[in-house]
Amino acid sequence: MSETIVSLPYYAPTGGECALFELAFRNRLPLLLKGPTGCGKTRFVAHMAARLGRPLYTVACHDDLTAADLTGRWLLRGGDTVWSDGPLTRAVREGAICYLDEVVEARRDVTVVLHPLTDDRRILPLERTGEVLHAPPGFMLVVSYNPGYQSVLKSLKPSTRQRFLALEFGFPPPEAEAAIVATESGLPRERCVPLVRLAQALRELKGQDLEEGVSTRLLVYAASLIAAGMQPALAIRAAMIEPLTDEPDVRQALLRVVDITL
Ligand code: ADP
């Protein structure tokens, strides 16, 4: 029988997050990841799922996502009505990791299905089929949210958040971020260092002129364009300036930061 070798998604740890994830998994506890977009949360979960040998179901939550999208629904197929599991149900049945990205975006009824799964019952009642699924030890629920742009309407209720262990994610320290950007883009590390310095300067404007600072993801994009031969000034503009704002004044201010920093 041939063995499938699944490669481990590259993830550079910045603290004790891998140990915490593993302990949460072994103790059957759900985990909440907090942090800005593009700082490595999804990659971290993919890495840990592979390390723990569990399949991973990732759902990007949005404001139309309902509980039925996660649990499943009856579908008409060739005159028959057949039940189709949603990703959460599949994860529970298979003992997989289920990652709900930006969970606060989802409809309120999603919380109702998560509650019995996130306490010691670890059950998923499927009202529509009459089943009650008991999560096996391999199942783990991981959710993320970005406290930066949550409004009062869209934040996690204490009764929900207090069911999770929580881990705060930030951008990696500069040395580590330069190494990550170099590995991901193929641009030599010494050429990534000034890009990281620029990202830090731009991040300082967060809250004044900008809603969100430059993410590690955007830094990787800029470095990848430069590695592919694009002029650095053009790559920086396309990957690190234009995605941040539509305001001409703010764009000019950001470009000034580029001039001063590089
Ligand atoms: P998030 O889920 O927080 O929005 P991602 O996990 O998608 O962000 O990260 C965006 C990109 O940044 C990844 O595709 C990867 O290239 C890079 N990245 C960020 N942090 C790390 C890290 N610690 N190790 C490896 N890659 C990282």
Side-chain angles (χ1 to χ4, degrees), residues 6-22 24 30-52 54 56-63 65 87 97-106 140-150 154 156 164-189 191-193 195-200 202-203 206 210-228 235-236 238-240 242-244:
V6 182
S7 69
L8 201 61
Y10 163 68
Y11 176 73
T14 52
E17 69 271 35
C18 297
L20 180 70
F21 192 109
E22 191 162 343
L31 183 63
L32 163 67
L33 308 179
K34 304 187 277 182
T37 183
C39 71
K41 301 185 293 299
T42 306
R43 179 64 65 86
F44 170 59
V45 179
H47 172 84
M48 290 309 298
R51 236 166 98 159
L52 296 166
R54 305 315 309 152
L56 173 64
Y57 289 91
T58 297
V59 182
C61 299
H62 52 81
D63 51 11
L65 189 104
I97 293 177
C98 184
Y99 175 45
L100 305 180
D101 190 12
E102 290 297 341
V103 68
V104 283
E105 295 294 329
M140 179 177 182
L141 181 68
V142 183
V143 303
S144 75
Y145 92 113
N146 179 349
Y149 48 63
Q150 304 314 327
K154 282 194 172 171
L156 279 182
F164 291 83
L165 291 178
L167 196 54
E168 168 119 45
F169 265 71
F171 296 113
E175 288 278 296
E177 193 165 34
I180 291 166
V181 174
T183 308
E184 290 284 297
S185 67
L187 191 69
R189 205 185 147 281
R191 296 190 67 193
C192 296
V193 170
L195 292 176
V196 169
R197 202 174 343 115
L198 173 61
Q200 287 187 303
L202 293 170
R203 282 171 193 158
K206 191 187 160 205
L210 289 181
E211 213 180 329
E212 276 284 291
V214 184
S215 62
T216 308
R217 181 188 295 119
L218 288 177
L219 263 177
V220 172
Y221 288 173
S224 303
L225 293 177
I226 297 170
I236 287 169
M240 296 173 67
E242 294 296 343
L244 299 188

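Values below: all heavy atoms of this structure, side chains included; hydrogens, waters and symmetry mates excluded. We count ligands from 1, going down the list as the structure has it; atoms in each ligand are counted the same way.
Nearest protein heavy-atom contact of atom 2 (O) of ligand 1 is Thr42 OG1, 2.4 Å. With respect to atom 17 (C) of ligand 1, the closest heavy atom belonging to the protein is Thr216 CG2, 4.1 Å. Here the heavy atom of the protein found nearest to atom 6 (O) of ligand 1 is Arg43 N, 2.8 Å. Looking only at protein heavy atoms, the nearest one to atom 26 (N) of ligand 1 is Ile180 CG2, 3.4 Å. Annotation: atom 1 (P) of ligand 1 to nearest protein heavy atom, Gly38 N, 3.4 Å. What sits closest to atom 24 (N) of ligand 1 on the protein, heavy atoms only, is Ala12 N, 2.9 Å. The protein atom (non-hydrogen) at minimum distance from atom 10 (C) of ligand 1 is Arg217 CB, 3.6 Å.
Rounded to the nearest 0.5 Å, atoms CE (Met48) and CG (Leu8) are 9.0 Å apart.
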Donor-acceptor contacts under 3.5 Å from residues 213-223 side chains, at least two apart:
{"from": "Ser215", "atom 1": "OG", "to": "Arg217", "atom 2": "N", "distance (Å)": "3.4"}
{"from": "Ser215", "atom 1": "OG", "to": "Leu218", "atom 2": "N", "distance (Å)": "3.1"}
{"from": "Thr216", "atom 1": "OG1", "to": "Glu177", "atom 2": "OE2", "distance (Å)": "2.8"}

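The distance criterion of under 3.5 Å between nitrogen or oxygen atoms is not met by Phe44 with respect to ligand 1. Distances between N or O atoms of Lys41 and those of ligand 1 include at least one value under 3.5 Å.
For the side-chain contact (heavy atoms from CB on, under 4.5 Å) test with Ser144, the passing option among Leu100, Thr42, Val104, Leu33 is Leu33; the others fail.
At distances below 3.5 Å, not a single donor-acceptor pair connects side-chain atoms of Lys41 with backbone N or O atoms of Val143. Checked by atom type and distance alone, the side chain of His47 never pairs as donor or acceptor with a backbone atom of Tyr10 at under 3.5 Å.
With a 4.5 Å cut-off on side-chain heavy atoms, Arg51 and Glu22 count as touching. Residues Leu31 and Leu20 form a side-chain contact, since some pair of their non-hydrogen atoms from C-beta on lies under 4.5 Å apart. Looking at Ile97 and Phe21, their side chains come closer than 4.5 Å, going by heavy atoms from C-beta outward.
Here Glu184 pairs with Arg43 under the salt bridge (Lys or Arg N to Asp or Glu O under 4.0 Å) rule; sequence neighbours left out.
Between the choices Cys39, Ala176, Ala46, Ser224, the shortest heavy-atom distance to atom 20 (N) of ligand 1 belongs to Cys39.
For Thr37, heavy-atom contacts with ligand 1 shorter than 4.0 Å involve the backbone as well as the side chain. By the criterion of a heavy-atom distance under 4.0 Å, both the backbone and the side chain of Tyr10 are placed next to ligand 1.
In summary, the atoms of ligand 1 found under 4.0 Å from a heavy atom of Glu184, numbered by their order in the structure, are 15 (C), 16 (O).
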